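Read the structure below first, then the notes.
When a residue number appears, it is its place in the shown sequence, counting from 1. If you're wondering where the values come from, they're calculated on a predicted model, not measured in any experiment.
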Amino acid sequence: TIYLQNTECTTCQLITGIVKYEIKSDNETIQDIEDLIESICYELGSKSIWKECMTIIQDINVIAQLIEKGLEPRDICCKLGLCSPLYIRN
């Protein structure tokens, strides 16, 4: 499987990776993770990235559940419709 990349997909994978790290290593609450992500997105300074971040944060509970089930960030972002897998057959 090849994953098509766009800024929304890249941002989703970045944020989902942070959520995964925080859940697995620091055992943070969802609210703490939300606050951290908002802070990171704000520091990035781009209005389009901020908008993407806020869209992804709306799904943070779903993201956390999928992480707990063992899914990887790219797979989670595909499930959320933010990344598009491209299947290639020979």
Study note, to complete from the structure: Rounded to the nearest 0.5 Å, the CD atom of Glu52 sits from the NZ atom of Lys47 at a distance of 14.5 Å
Study note, to complete from the structure: Note: Glu34 and Ile60 closest approach over all heavy atoms is OE2-CG2, 3.5 Å
Check your understanding: Should Gln13 and Glu72 count as side-chain neighbours, where that means a heavy-atom distance under 4.5 Å?
Key -> no
Practice item. Tell me, yes or no, whether the heavy-atom count around Lys79 atom NZ, taken from other residues, nucleotides or ligands under 6.0 Å, exceeds 12. Key: no
Review point. Step by step, would you call Glu22 with Leu36 a side-chain contact (heavy atoms from CB on, under 4.5 Å)?
Key: CA-CA 10 Å; Glu22 292 297 320; Leu36 173 65; 3.7 Å; yes
Point to revise | Spacing of Ile18 atom CD1 and Ile23 atom CD1 [to the nearest 0.5 Å] | key: 12.0 Å
Check your understanding: Can you find a side-chain donor-acceptor pair between Gln65 and Asn61 that sits under 3.5 Å?
Key -> no
Check your understanding: What do you reckon, Cys77 and Cys9 SGs under 2.5 Å?
Key -> no
Exercise for review: Compare the SG-SG distance of Cys78 and Cys83 against 2.5 Å and report whether it is shorter.
Suggested key: no
Exercise for review: Compare all side-chain heavy atoms of Ser48 with those of Thr11 and state whether any distance is below 4.5 angstrom.
Suggested key: no
Check your understanding: For the atom pair CD (Glu8) and CG (Leu80), what is the distance rounded to the nearest 0.5 Å?
Key -> 10.0 Å
Exercise for review: Output the distance between atom CD (Glu43) and atom CD1 (Ile40), rounded to the nearest 0.5 Å.
Suggested key: 9.5 Å
Check your understanding: Any chain of hydrophobic side-chain contacts (each under 4.5 Å) joining Met54 to Ile30?
Key -> yes
Review point. Out of curiosity, Ile57 CD1 to Ile15 CD1, how far, rounded to the nearest 0.5 Å?
Key: 6.0 Å
Check your understanding: Is it the case that one hydrophobic cluster holds both Leu71 and Val62, taking links as side-chain heavy atoms less than 4.5 Å apart, direct or via other members?
Key -> yes
Check your understanding: Is there a chain of hydrophobic side chains (I, L, V, M, F, W, Y, each step under 4.5 Å between heavy atoms) that links Ile76 to Tyr21?
Key -> no
Exercise for review: Given side-chain contact (heavy atoms from CB on, under 4.5 Å), test Ile37 with Ile33 step by step and report yes or no.
Suggested key: CA-CA 6 Å; Ile37 291 172; Ile33 295 169; 3.8 Å; yes
Review point. Any idea which heavy atoms bring Thr16 and Ile67 closest together, and the distance?
Key: O-CD1, 3.8 Å
